[in-house]
Amino acid sequence: MAMPHAAILGIGAYAPSRVMTNAELEQKVDTSNEWIIERTGIEERHIAAPDEAASDLALKAARDAMAMAGVTPQDLDLIVCATVTGDTPFPSTACWLQSKLGAPQAAAFDIAAGCTGFLYGIHVVQNLIRSGAYKKVLLVGVEVLSRVLDWTDRSTCVLLGDAAGAAILGAAVDESGILASNIAADGDKGELLHLPAGGSRHPASHETVDGRLHYFKMNGRETFKHATRNMGEIAQKTLRDAGLGLGDVDLLVPHQANLRIITYLAKALDVPMEKVFTNVQRYGNTSSASIPLALTEAYKAGRVQKGQVILMVAFGAGLTWGATALRW
Ligand code: UT7
């Protein structure tokens with residue numbers, strides 16, 4: 001029997017209402033609106049309220065995706081959350097979300113793959129659907145990065161933001177669906193982008209707190225180099241696997257870390273910027289949430305039409321990277 005094709009049946013997103021502008025950051029650290037815009041393209045980002053944790057953001061995005069797909073919590077047989085800033089180290093954010101949704105029949109687990117988390121999720125979930133093991137899966141990318149930012153470190157605190165994006169995946173009903181996906185990793189470069197303490201290597205202690213080791217650390221310049229090269233390569237491989245060329249891409253939805261990286265990637269792939277969706281200007285880098293948030297906004301703006309080829313590509317902590325090509 002032919003394996004069913006997996007497709008995205010609904011999408012949704014949520015960003016907290018509080019917006020932090022570059023002008024506000026100028027008051028906190030030695031930075032300027034000009035520097036941030038010139039080096040990153042970011043103008044503002046959303047910050048979660050003190051009582052909002054990852055599963056709260058995820059719930060709102062999930063409900064929108066479920067409404068679009070016409071799916072109820074009882075229809076879900078699996079919930080997967082891509083996150084590195086979950087509610088608690090354990091249980092998983094997917095379990096907290098399962099409880100909030102009221103979907104006791106659904107299995108639930110998290111994926112930690114940095115900013116590539118959502119595309120790792122698509123890769124895993126589409127294979128579970130194709131195998132016939134699961135029928136209706138909720139995949140969420142969610143981050144509350146503001147909680148792990150060092151608000152005295154100008155090299156990182158200006159870059160990130162909080163958000164959630166969700167998708168319902170199931171068997172495709174027509175030609176639409178996921179055409180090809182690839183994921184990759186290079187653990188040798190884990191320290192380029194990491195959060196040192198709070199795990200079994202450096203459990204929380206007065207020393208880790210005093211050393212500011214519970215915060216996001218990044219070697220931006222090195223990360224930049226790997227991001228551009230690896231995203232370009234995996235995007236091309238994924239299109240080849242799908243039997244497509246770069247000219248077939250109707251919309252490129254890249255991870256929204258930095259407008260310069262996106263522009264560089266589009267140029268390297270020879271995809272005109274009119275075919276590239278960007279919203280990093282308004283959200284900053286929301287890691288696992290970035291791709292589903294961008295896809296949802298692109299869809300709502302009418303830039304994702306039935307039959308079009310969408311190419312999504314991401315890069316993040318791990319290092320990890322991945323790409324998915326789909327027909328909408
Ligand atoms: O999402 C996962 C993957 N992450 C990424 O893809 C991020 C990749 N990296 C980047 O996006 C860029 O490297 C950054 C935006 C993080 C930094 O841009 P850059 O052009 O690579 O700047 P840099 O780190 O080389 O710093 C240039 C200068 C430095 O000053 P000196 O040493 O030249 O005097 C920094 O101290 O800019 C300074 N700087 C700042 N100045 C004002 C760094 N951060 C700031 C700031 N405001 N916020």
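In this chain, numbering begins with 1 at the start of the sequence shown. What's counted below: heavy atoms across the whole structure, side chains too, no hydrogens, waters or symmetry copies. Just so you know, ligand 1 is whichever comes first in the structure, and atom 1 is the first atom listed for that ligand.
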Nitrogen or oxygen of A257 less than 3.5 angstrom from that of ligand 1: no
Which segment of W35 sits under 4.0 Å of ligand 1 when only heavy atoms are counted: side chain
Proximity of Y299 and W328 rings by center, below 6.0 Å: yes
Test item, I261 contacting ligand 1 (heavy atom, 4.0 angstrom): yes
Closest candidate by heavy atom, reference atom 10 (C) of ligand 1, pool N258, L25, T228, T156: N258
Distance from atom 38 (C) of ligand 1 to nearest protein heavy atom, with residue and atom: R154 NH2, 3.6 Å
Within reach of ligand 1, part of L159 (heavy-atom separation under 4.0 Å): side chain
Nearest protein heavy atom with distance in Å, relative to atom 3 (C) of ligand 1: T223 CG2, 3.8 Å
Any donor-acceptor N/O pair, D77 side chain to A106 backbone, under 3.5 Å: no
Donor-acceptor contact below 3.5 Å, side chain E43 vs main chain R282: no
T40: numbered ligand 1 atoms lying under 4.0 Å from its heavy atoms: 15 (C)
Heavy-atom protein neighbour under 4.0 angstrom from atom 40 (C) of ligand 1: yes
Candidate list E52, E44, E24, test salt bridge (Lys or Arg N to Asp or Glu O under 4.0 Å), partner R18, passing option: E24
N-O pairing of D174 and K306 below 4.0 Å: yes
Identity and separation of the nearest protein heavy atom to atom 47 (N) of ligand 1: T31 OG1, 2.7 Å
Sub-4.0 Å protein heavy atom next to atom 31 (P) of ligand 1: no
Side-chain (T320) to main-chain (A113) donor-acceptor, under 3.5 angstrom: yes
Close-contact set for ligand 1 against R260 heavy atoms, below 4.0 Å: 18 (O), 19 (P), 20 (O)
D56 (side chain) donor-acceptor with A53 (main chain) under 3.5 angstrom: yes
Identity and distance of the protein heavy atom lying nearest atom 27 (C) of ligand 1: R39 NH1, 3.6 Å
Ligand-side contact atoms (ligand 1) for residue partner M218, heavy atom cut-off under 4.0 Å: 4 (N), 7 (C), 16 (C)
Under 4.0 Å to a heavy atom of V158 - the qualifying atoms of ligand 1, by number: 48 (N)
Protein contact of atom 2 (C) of ligand 1 - nearest heavy atom, named by residue and atom, plus distance: C115 SG, 3.2 Å
N285 and V280, any side-chain heavy atoms less than 4.5 Å apart: no
Heavy atom of protein inside 4.0 Å of atom 44 (N) of ligand 1, strictly below: yes
Atom 1 (O) of ligand 1 [closest protein heavy-atom partner, distance rounded to 0.1 Å]: N285 ND2, 2.6 Å
Ring-ring centroid check H226 F315, cutoff 6.0 Å: no
Whether over 12 other heavy atoms sit under 6.0 Å from D270 CG: no
Atom 33 (O) of ligand 1: nearest protein contact (heavy atom, Å): R221 NH2, 4.7 Å
Verify atom 18 (O) of ligand 1: protein non-hydrogen atom under 4.0 angstrom away: yes
Contact summary for T324 and S181, nearest pair of heavy atoms: OG1-CB, 3.8 Å
Atom 9 (N) of ligand 1: nearest protein contact (heavy atom, Å): G220 O, 3.0 Å
Main-chain N/O of T286 paired to S290 side chain as donor or acceptor, under 3.5 Å: no
Short side-chain to backbone donor-acceptor contact, T228 and L265, under 3.5 Å: no
